[in-house]
Amino acid sequence: EQVAREVEVAVGSIWAVHQKAWYRVEVISVSYGNVSLRSIDYGHVLLDVDVSQLNHLPPGLATKLPGLAVRCHLAMVKPVQEETWGKLAIQVLTGCLEGKELHTAMFVERKDRSVGVVVMMEQQGKFSTANKRLVEVGCAVSSVFGDHTGVDDLEDSGLVNDWDPMADDFNSNTNNYMTNDDDLGIATDGYKSKDKVCAFYLNRGRCYKGAYCEDKHSMPREGAVTADQEEVIIATVDLLEMPVVSTTVLVKVTWVMSPSAFYITFPHGIRDISSLQQLDINKRHPTMFSNMMDSMQMFYQGNCRKLFMDSLPAPGSLLVTRSERDKLWHRAMARDSSEGEVEVFFVDLGQVEVVTLSNTRKLESCFSVLPFQASLACLARVEPVGQGWCKEATSLFKKLTTSSQYLTAKVMTSSPNQPLVVELSTRLQLQDKPHLNMSMVLKEKGWAKIVEVKEGNRAFSVHIPG
């Protein structure tokens, strides 16, 4: 009963195997009755093990205790040959880490399921790192652990010259006019109330001065550190004007969740394609939105401390974020936030990105007038064959819509607070007939079916809040 059956063995499953001793192992590959295993407690690999040697883990600690071995990689170094590490690099690293002595490692980064570390070592009374050793022998390249002329190896382990504490402190998000680093409340809770709250009432729940107290008598809700309220912007003054039904316009697909939920923008307005000329496409005409973007870049270019976020943004609030893709400032809506990072949705681009808190700023009210430029849309008269859209269908839809020079959308349905229902088509030239109809392409691939919408039936909403 304890021996594994072949149908039970899958990549990623955990088993017990006896190889001179019992080990807890993870299956990393399966091939014709044999498996390759990795010990989750020691990290070594076992090759070509027969499935019949695998056993179920006994209940209790063996099942509940997580694996003790952590997958690591040397941070901030790359192999000279970008494809893989050579034998010499393996020998050098083995020589640095062999033996029974313990080594100190500094956690630096996390990539996929691996932890990036800098391994400290001592050789002949001098301190260095295994990362730098690989660079010195020519097995690796690094912008951090490169040679520094005139620097004593004893003083520089590869990190000293790259760390500027004054620059870190200057660029810190807490370096603003609203935050006092020396305040006890800031040091313990990370935030201090802007209102003058009575200390007696805050600590004891009552104040001997009663109604004659000059300070505010308020208690924060359970789990909160303050009862302060901040004014935030959650919407724009104007709403985006949509093209009328049956109009065919040029669009740009900016972000795809599925063929039933994607974001589009109107780079040339909501004019029908029949009224556009090639000159209108090639020439960049200044618009109110482009002028606002130019003004926003100039306004947020400097490090104006009053615009820094002195607390994590509330979900749904509007702010300004510097995108890592184009290095420009854009209007964004906060979706989620954690320590030092904010997940935002760019309301003018229709894209989601995780940015650092240091790259976020408060939105000035003058930039909240023009409407959001990205609109949620769905493909008309088409539904997935199964329970939902397969990855292949979404991938092909994304590839065709984002690579086409001329992508047109014929508006089928336009309702307030509902996705824009459109028929998407690609064109080889501006005035040509539609070349590829997205609905028909998905249907011919067998991933979609055509649905006729009866007159009077309301369109199904595919909008997912947030």
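If you're wondering where the values come from, they're calculated on a predicted model, not measured in any experiment.
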Handout entry: Glu343 and Arg335 ion-paired at < 4.0 Å
Key = yes
Exercise for the section: Identify whether the distance between the nearest side-chain nitrogen and carboxylate oxygen of Glu392 and Lys445 falls below 4.0 Å. Expected result: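 Salt bridge flag = no for Lys445 with Glu392.
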Please state whether the rings of [X] and [Y] are parallel, tilted or perpendicular, taking 30° and 60° as the class boundaries.
| X | Y | answer |
| --- | --- | --- |
| Phe367 | Phe299 | perpendicular |
| Phe346 | His330 | perpendicular |
| Trp255 | Phe345 | tilted |

Problem - Residue pair Glu109, Lys111: steps toward the side-chain contact (heavy atoms from CB on, under 4.5 Å) verdict - result: CA-CA 7 Å; Glu109 62 186 8; Lys111 291 184 178 179; 3.7 Å; yes
Practice task
Report the distance from atom OG of Ser425 to atom CG of Asn437, rounding to the nearest 0.5 Å.
Solution key: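 Atom-to-atom, Ser425:OG and Asn437:CG are 4.0 Å apart.
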Practice task
Starting at CZ of Phe262, measure out to OG1 of Thr402 and round the result to the nearest 0.5 Å.
Solution key: 12.0 Å
Modelled atom types, side-chain donor and acceptor of [X] and [Y], under 3.5 Å:
| X | Y | answer |
| --- | --- | --- |
| Ser274 | Asp272 | yes |
| Gln373 | Arg331 | no |
| Ser258 | Ser260 | no |
| Thr426 | Ser404 | no |
| Asp50 | Ser52 | yes |

Practice task
Show your reasoning for whether side-chain contact (heavy atoms from CB on, under 4.5 Å) applies to Val25 and Arg38.
Solution key: CA-CA 5 Å; Val25 293; Arg38 177 182 288 111; over 6 Å; no
Problem - Residues in ring-ring contact (aromatic ring centres under 6.0 Å, His included) contact with His73, at least two apart in sequence or another chain - result: none
Handout entry: Crowding at CD1, Ile234 (>12 non-hydrogen neighbours, <6.0 Å)
Key =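 For Ile234, atom CD1 is not crowded (no more than 12 foreign heavy atoms under 6.0 Å).
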Problem - Over 12 non-hydrogen atoms of neighbours within 6.0 angstrom of CZ in Arg110 - result: no
Handout entry: Qualifying residue, where the test is side chain to side chain contact (heavy atoms under 4.5 Å, CB included) with Phe266 and the options are Arg271, Met242, Glu241
Key =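 Result: among Arg271, Met242, Glu241, Met242 is the only option passing the side chain to side chain contact (heavy atoms under 4.5 Å, CB included) with Phe266.
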Practice task
Examine distances only and state if a side-chain atom of Thr247 and a backbone atom of Ile270 form a donor-acceptor pair shorter than 3.5 Å.
Solution key: no
Handout entry: Ser317 (side chain) donor-acceptor with Pro313 (main chain) under 3.5 angstrom
Key =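 Not a single qualifying donor-acceptor pair exists.
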Problem - Working for side-chain contact (heavy atoms from CB on, under 4.5 Å), residues Ser368 and Leu363 - result: CA-CA 8 Å; Ser368 65; Leu363 178 66; 4.1 Å; yes
Exercise for the section: Could you give me the CA-CA distance, side-chain angles and deciding distance for Ile273 and Tyr406, then say whether side-chain contact (heavy atoms from CB on, under 4.5 Å) is met? Expected result: CA-CA 10 Å; Ile273 191 173; Tyr406 299 106; over 6 Å; no
